[in-house]
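Taking it in order: structure first as structure tokens, then the write-up.
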Amino acid sequence: QVQLVESGGGLVQAGGSLRLSCAASGRTFSNSKMGWFRQAPGKEREFVAAISWSGGSTYYVDSVKGRFTISRDNAKNTVYLQMNSLKPEDTAVYYCAADPRAYYSGSYYHPKEYAYWGQGTQVTVSS
């Protein structure tokens with residue numbers, strides 16, 4: 001059974017940092033793209049960041065560029081999201097997602113590109 005388990009969320013003051021982790025089990029995603037999405041109350045799920053299977057290419061929504069960094073450790077089947085200079089508008093449930101297709105690029109931004117999802121981890125940024 002494939003599972004993606006996020007961790008690292010919590011409550012932080014504006015300007016602070018958090019590091020989210022997403023550990024995959026049940027199969028390897030070392031040759032698949034992975035991404036982070038978030039959903040705030042009353043809003044649609046939105047793309048945050050994605051990383052190619054090799055880790056050589058990364059993609060970000062404009063609102064987090066320069067503040068968030070996505071990375072991966074294929075040996076650990078884990079993807080990370082380092083979030084710095086957090087703002088109250090970053091408050092949301094953050095979801096990890098994985099594309100089951102190997103060596104496939106396609107769109108990194110659309111949720112439909114990802115077949116596997118974690119349960120989400122809450123990030124709350126206080127002002």
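Along the sequence shown, residues carry numbers from 1. All figures in this text were calculated on a predicted structure; none of them were measured in a lab.
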Do [X] and [Y] come close enough that some side-chain heavy atom pair is under 4.5 Å?
X     : Y      : value
Thr91 : Gln122 : yes
Tyr60 : Arg67  : no
Arg38 : Leu81  : no
Leu86 : Phe68  : yes
Asp99 : Trp53  : no
Gln3  : Gln119 : no

Between [X] and [Y], what is the shortest heavy-atom contact and its length?
X      : Y      : value
Pro111 : Trp117 : O-CZ2, 3.5 Å
Glu113 : Gly106 : OE1-CA, 4.0 Å
Thr78  : Lys76  : OG1-O, 2.9 Å
Ala24  : Leu4   : CB-CD2, 3.4 Å

Roughly how far apart are [X] [atom1] and [Y] [atom2], rounded to 0.5 Å?
X     : Y      : atom1 : atom2 : result
Leu20 : Tyr95  : CG    : OH    : 13.0 Å
Ile70 : Ser52  : CD1   : OG    : 9.5 Å
Glu89 : Ser127 : CD    : OG    : 10.0 Å
Ser32 : Asn77  : OG    : CG    : 9.0 Å
Met83 : Thr69  : CE    : OG1   : 11.0 Å
Glu46 : Tyr109 : CD    : OH    : 13.5 Å

**Prompt:** In terms of side-chain geometry, is the basic nitrogen of Lys87 or Asp90 positioned less than 4.0 Å from the acidic oxygen of its partner?
**Reply:** no
**Request:** Decide whether Tyr80 and Val93 are clustered together by the hydrophobic rule: side chain heavy atoms of Ile, Leu, Val, Met, Phe, Trp, Tyr closer than 4.5 Å, transitively.
**Result:** no
**Message:** Centre-to-centre under 6.0 Å for Tyr114 and Phe37, is that the case here?
**Reply:**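 So the answer is yes for these two rings.
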**Prompt:** Which residue pairs pass the ring pair (Phe, Tyr, Trp, His ring centres under 6.0 Å) test when at least one of the two sits in residues 16-36, sequence neighbours left out?
**Reply:** Phe29-Tyr116
Checking the side chain of [X] only, and the main-chain atoms of [Y] only, is there a donor and an acceptor separated by less than 3.5 Å?
X     : Y      : value
Ser30 : Thr28  : no
Arg27 : Pro100 : yes
Glu6  : Gly120 : yes
Arg72 : Lys33  : no

**Prompt:** Applying disulfide (SG to SG under 2.5 Å), which residue pairs with at least one partner in residues 33-102 are found, sequence neighbours left out?
**Reply:** Cys22-Cys96
